[in-house]
Amino acid sequence: MNRERLGPPAVEAREAVIRYRAKEAVRGVSLAVARGEVVALVGADGAGKTSLLRAVAGLTPLAAGHLHVFALDPWKNRHQLHQHLGYVAQTFALYGDLTVDENLAFIGHLMGLPDFRQRRQYLLERLGLAPFRDRRAQALSGGMKQKLALAASLMHDPQILVLDEPTTGVDPVSRREFWQLLGEFVAQGLTVLFATAYLDDAQRADRVVLFHDGKVLAEGSPEVLARQFPFRIAVVAGEPRELLRRLLVALPGVVHVQPFAAGFHVYLDPQAPVPDPGFFGKQGVSLTGLDTIPPSIEDVFLAKLSEIKGGATP
């Protein structure tokens with residue numbers, strides 16, 4: 001998004017440790033999020049993403065290290081910080097038996113907003129919720145519930161928004177619409193820190209932080225992470241599939257063959273040529289596709305995991 005970053009970071013963690021009894025959920029994480037930046041935390045369940053987000057929101061204390069949000073310790077100053085921070089949890093946390101209007105009114109009163117009605121009306125219109133304002137929250141679709149949760153988190157016009165897997169279980173169209181709507185607020189200067197299991201969601205971020213076992217594996221823009229990927233990728237499909245797989249594995253320069261949809265992702269040494277389509281026909285394979293593609297965040301993540309596990313390939 002290439003927005004200019006000014007002033008001290010919105011979030012700064014240095015060697016942050018979060019511990020639940022004997023279990024360290026976050027282990028020495030250092031991270032900075034600039035004001036106006038959109039940062040995605042990507043990792044498997046149990047990687048420590050939610051624990052770090054809860055600490056940023058002032059809901060979990062650190063066991064060691066340092067964490068500041070707008071230069072404040074979020075645990076010690078959580079009441080003050082909540083005036084500047086919006087938080088959307090993994091699960092829908094509003095009241096199902098209240099209407100959309102009533103839920104936002106409750107948040108307005110809870111946050112002590114002197115005139116919440118104007119802000120509520122603005123958010124209802126911007127997020128497409130105005131036609132559903134009298135509908136009980138429990139009767140909303142998954143996508144509409146996420147829009148309501150987003151509206152509630154933005155009622156007090158926060159400077160930073162923390163989202164914990166905000167589009168989990170939401171259909172692809174609603175997911176795309178959610179990020180388009182959020183982008184309007186980001187364009188106005190909102191800082192966003194979010195965790196996601198959807199790698200296409202992560203592609204929307206200015207910067208991606210890959211998490212594993214409570215630590216940071218790698219971080220950078222999606223473009224920078226892609227450039228760090230050590231292999232070329234070819235997508236090959238054809239029949240018979242098992243014969244195609246055996247031929248691919250035996251080709252010089254092929255490092256790894258990964259089943260993908262109806263074909264395979266083939267990881268090649270950077271200097272290796274793309275497989276010759278004519279070769280497969282001579283071996284009795286009818287190709288239905290052969291192309292090269294740039295690496296995705298998933299490719300980079302799997303390669304980084306392989307490195308720490310002592311392997312050479314994803």
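FYI, the numbering just counts along the sequence from 1.
- The closest donor-acceptor contact from the side chain of Asp299 to the backbone of Ser296 lies under 3.5 Å.
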Would you give me the side-chain donor-acceptor pairs under 3.5 Å for residues 226-233, sequence neighbours excluded?
from: Arg232; atom 1: NH1; to: Ala272; atom 2: O; distance (Å): 2.5

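- Proximity of a side-chain donor or acceptor of Asp276 to a complementary backbone N or O of Gly278 within less than 3.5 Å is detected.
- With sequence neighbours left out, His156 forms a ring pair (Phe, Tyr, Trp, His ring centres under 6.0 Å) with no residue at all.
- Thr60 contributes no side-chain N or O that, together with a main-chain N or O of Arg54, makes up a donor-acceptor pair within less than 3.5 Å.
- Between the side chain of Glu177 and the backbone N or O of Ser174, no donor-acceptor pair lies under 3.5 Å.
- In terms of the side-chain contact (heavy atoms from CB on, under 4.5 Å) criterion, Asp291 has no residue partners (sequence neighbours excluded).
- Panel note: side chain Thr191, backbone Gly36; a donor-acceptor pair is recorded below 3.5 Å.
- Looking at residues two or more places apart in sequence or on another chain, you find no salt bridge (charged side-chain N to carboxylate O under 4.0 Å, His left out) involving Glu298.
- The list of salt bridge (charged side-chain N to carboxylate O under 4.0 Å, His left out) pairs with a residue in residues 90-110, not counting sequence neighbours, reads Asp101-Arg120, Asp101-Arg133.
- Judged by a 6.0 Å distance limit and a 45° cone about the ring axis, Lys49 is not positioned over the six-membered ring of Phe211.
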Considering only distance and modelled atom types, tabulate donor-acceptor pairs under 3.5 Å from the side chains of residues 281-288, sequence neighbours left out.
from: Thr288; atom 1: OG1; to: Ala237; atom 2: O; distance (Å): 3.4

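- Listed for the Arg35 side chain is a donor-acceptor partner under 3.5 Å among the backbone atoms of Pro8.
- Between the side chains of Asp206 and Ser221, no donor N or O sits under 3.5 Å from an acceptor N or O.
- Tyr87 and Leu53 make their closest contact through CE1-O, 4.4 Å (heavy atoms, listed as atom of the first residue, atom of the second, distance).
- Within a 6.0 Å sphere centred on CD of Gln188, other residues, nucleotides and ligands contribute more than 12 heavy atoms.
- Formation of a donor-acceptor pair under 3.5 Å by the Asn103 side chain with backbone atoms of Leu98 is found in this model.
- With respect to Leu31, the side-chain contact (heavy atoms from CB on, under 4.5 Å) criterion is satisfied by exactly one of Leu52, Val56, Val11: Leu52.
- Defined by atom type and a distance below 3.5 Å, a donor-acceptor pair is present between the side-chain atoms of Gln258 and His256.
- Val17 forms part of no hydrophobic cluster, judged by ILVMFWY side-chain heavy-atom separations under 4.5 Å.
- Connectivity analysis of hydrophobic side chains (ILVMFWY, heavy atoms under 4.5 Å, direct or indirect) links Tyr198 to nothing; its cluster partners are none.
- Applying the ring pair (Phe, Tyr, Trp, His ring centres under 6.0 Å) rule to Phe106 yields the partners Tyr95; only residues at least two apart in sequence or on another chain are considered.
- Phe260 is linked by a ring pair (Phe, Tyr, Trp, His ring centres under 6.0 Å) to His265, counting only residues two or more places apart in sequence or in another chain.
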Take Glu219 and Val208 through the test side chain to side chain contact (heavy atoms under 4.5 Å, CB included) and record every step on the way to the result.
CA-CA 5 Å; Glu219 64 174 290; Val208 177; over 6 Å; no
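- For Gln118, the CD atom is loosely surrounded, since the number of other residues' heavy atoms within 6.0 Å does not exceed 12.
- At least one test fails for Arg126 against the ring of Phe185: distance under 6.0 Å to the centre or angle within 45° of the axis.
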Would you mind writing out the side-chain donor-acceptor pairs for residues 65-77 within the sub-3.5 Å range, not counting sequence neighbours?
from: Asp73; atom 1: OD1; to: Trp75; atom 2: N; distance (Å): 2.9
from: Asp73; atom 1: OD1; to: Lys76; atom 2: N; distance (Å): 3.2
from: Asn77; atom 1: ND2; to: Asp73; atom 2: O; distance (Å): 3.0

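- The ring pair (Phe, Tyr, Trp, His ring centres under 6.0 Å) test applied to His79 returns no partner, not counting sequence neighbours.
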